[in-house]
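Note sheet for the following structure.
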Amino acid sequence: MPEGPTIVLMKEDLQKFEGEKVVSAVGNSGIDNELLINQKLKEIRLFGKQTYLIFEKVSVKIHLLMFGSYEIDEQTKSDKSLRLGLTFKNGKALFYTCSVKLVDDDFLKTVDWEADVMSDNWNPKNAKKKFKANPKMMVCDVLMDQGIFSGVGNIIKNEVLFRIGVHPESQIGNLPLKKLNELLQEARNYSFDFLKWKRTDELKKHWQIYHQKKCPKCGETVIKKNTGKGKRPSFYCEKDQKHY
DNA sequence: CAAATTGTTTAGCT
DNA sequence: CAGCTAAACAATTT
């Protein structure tokens with residue numbers, strides 16, 4: 001159940017299949033599995049929460065959605081939810097309960113790789129432009145916007161806003177420049193902390209505001225409210241997070 | 001056991 | 001028809 005950093009871990013697990021050929025392909029995703037057979041996996045590329053398996057003739061886009069999961073080298077569960085199972089010479093990659101689609105090179109060219117907060121290509125300048133174009137968006141929606149902060153999910157959103165002391169319902173256009181820069185920096189920074197903690201399975205331990213009862217700074221009760229257009233739950237402290 | 005949940009897509013409305 | 005919202009979807013945990 002993935003935000004961006006979880007997908008980075010998945011890529012690491014899949015890495016050993018890069019350069020390998022597909023021996024067999026199964027699954028109920030609806031794509032033509034036959035197309036993948038004998039195709040060499042040229043590259044695994046990430047964009048936020050999406051994973052692209054780039055083969056010679058086609059590419060597969062995988063999105064784990066809310067409940068997706070994956071396994072490497074496990075015995076295939078005789079489970080209806082197996083969307084895609086790829087067997088290589090050196091093992092298996094199994095994807096459950098996820099969205100699997102075929103895409104072509106033209107589609108890959110349209111992806112704005114610089115919007116991925118965890119990528120080496122992350123470009124905060126583009127994000128700033130997008131703020132300017134939509135000054136009335138609430139910051140909680142901005143952070144969840146996959147075209148701006150690709151890879152950010154609800155946990156990252158809440159923790160970032162707490163770290164920089166900004167109320168989730170603030171309008172992006174009202175933030176002073178200093179706060180904007182903090183927002184851009186922490187969105188990436190926290191994602192890497194998330195990755196680090198996820199790796200050692202201690203993510204929950206480090207939640208400061210998300211699903212917490214009291215603000216760790218002042219002890220006030222944490223507010224939980226569905227915020228923004230996305231109506232996704234925000235956790236915040238009235239006192240320590242300023243409403244711009 | 002009902003409710004919530006780390007998300008996106010699509011149908012359907014105005 | 002553009003732009004929005006509500007619903008659909010999925011599976012595990014609390």
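In what follows, chains are A, B, ... by sequence order, proteins preceding strands, each numbered from 1.
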Subject >> dA10(C) pairs with, by Watson-Crick or G-U criteria that keep both distances under 3.5 Å >> reply: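 Base-paired to nothing in any strand shown.
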Original post:
Whom does dT6(B) pair with, Watson-Crick or G-U wobble, provided both distances fall under 3.5 Å?
Top reply: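 Partner of dT6(B): none.
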Original post:
Which nucleotide sits closest to the side chain of H63(A): dT9(B), dA10(C), dG7(B)?
Top reply: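 The answer is dG7(B).
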**OP:** Side chain of K224(A) only, please: which of dT6(B), dA4(B), dG7(B) is the nearest?
**Re:**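 Nucleotide nearest to K224(A)'s side chain: dA4(B).
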Subject >> SB check K198(A) E3(A) (cutoff 4.0 Å) >> reply: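 Salt bridge absent between K198(A) and E3(A).
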Original post:
Is E182(A) salt-bridged to K178(A), cutoff N-O under 4.0 Å?
Top reply: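 Looking at K178(A) together with E182(A), the answer is yes, because their closest N to O distance falls below 4.0 Å.
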**OP:** Could you tell me whether K204(A) contacts a base, only the sugar-phosphate backbone, or nothing, with contacts defined as non-hydrogen atoms closer than 4.0 Å?
**Re:**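 The residue K204(A) makes sugar-phosphate contact but no base contact.
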**OP:** For residues F131(A) and L175(A), determine if any side-chain heavy atom of one lies less than 4.5 Å from a side-chain heavy atom of the other.
**Re:**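 Contact flag for F131(A)/L175(A) side chains = no.
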Subject >> I223(A) reachable from Y210(A) in the ILVMFWY side-chain graph, under 4.5 Å edges >> reply: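 Different hydrophobic clusters.
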**OP:** Look up atom OH in Y70(A) and atom OG1 in T51(A), then write down how far apart they are to the nearest 0.5 Å.
**Re:**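 Answer for the OH-OG1 pair, Y70(A) versus T51(A), is 9.5 Å.
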Original post:
Can you tell me how far CD1 of I172(A) sits from CG of D141(A), rounded to the nearest 0.5 angstrom?
Top reply: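 So the gap between those two atoms works out to 10.5 Å.
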Subject >> C1' gap between dT6(B) and dT5(C), integer Å >> reply: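 It works out to 23 Å between them.
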**OP:** Report yes if a side-chain nitrogen or oxygen of K49(A) is closer than 4.0 Å to either non-bridging phosphate oxygen (OP1 or OP2) of dT6(B); otherwise report no.
**Re:**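 No, no such contact exists.
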Original post:
Do any side-chain nitrogens or oxygens of Q146(A) fall under 4.0 Å of OP1 or OP2 in dT8(B)?
Top reply: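 Looking at the OP1 and OP2 atoms of dT8(B), one of them is under 4.0 Å from a side-chain N or O of Q146(A).
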Listing time: all N or O pairs from protein to nucleotides 5-8 of chain C that are below 3.5 Å?
{"from": "dA6(C)", "atom 1": "OP2", "to": "K231(A)", "atom 2": "NZ", "distance (Å)": "3.4"}

Between [X] ([atom1]) and [N] ([atom2]), how many Å, whole number?
X: N226(A); N: dA3(B); atom1: CG; atom2: C1'; result: 13 Å
X: L65(A); N: dC9(C); atom1: CG; atom2: P; result: 13 Å
X: N158(A); N: dT6(B); atom1: CG; atom2: C1'; result: 11 Å
X: Y70(A); N: dA10(C); atom1: OH; atom2: P; result: 23 Å
X: F235(A); N: dT6(B); atom1: CZ; atom2: C1'; result: 11 Å
X: I155(A); N: dG7(B); atom1: CD1; atom2: C1'; result: 12 Å
X: R83(A); N: dT9(B); atom1: CZ; atom2: C1'; result: 14 Å
X: W197(A); N: dT6(B); atom1: CH2; atom2: P; result: 17 Å

Original post:
Does K217(A) count as lying over the ring of F162(A), i.e. NZ or CZ under 6.0 Å from the six-ring centre, within 45 degrees of the axis?
Top reply: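 Yes, a cation-pi geometry holds between K217(A) and F162(A).
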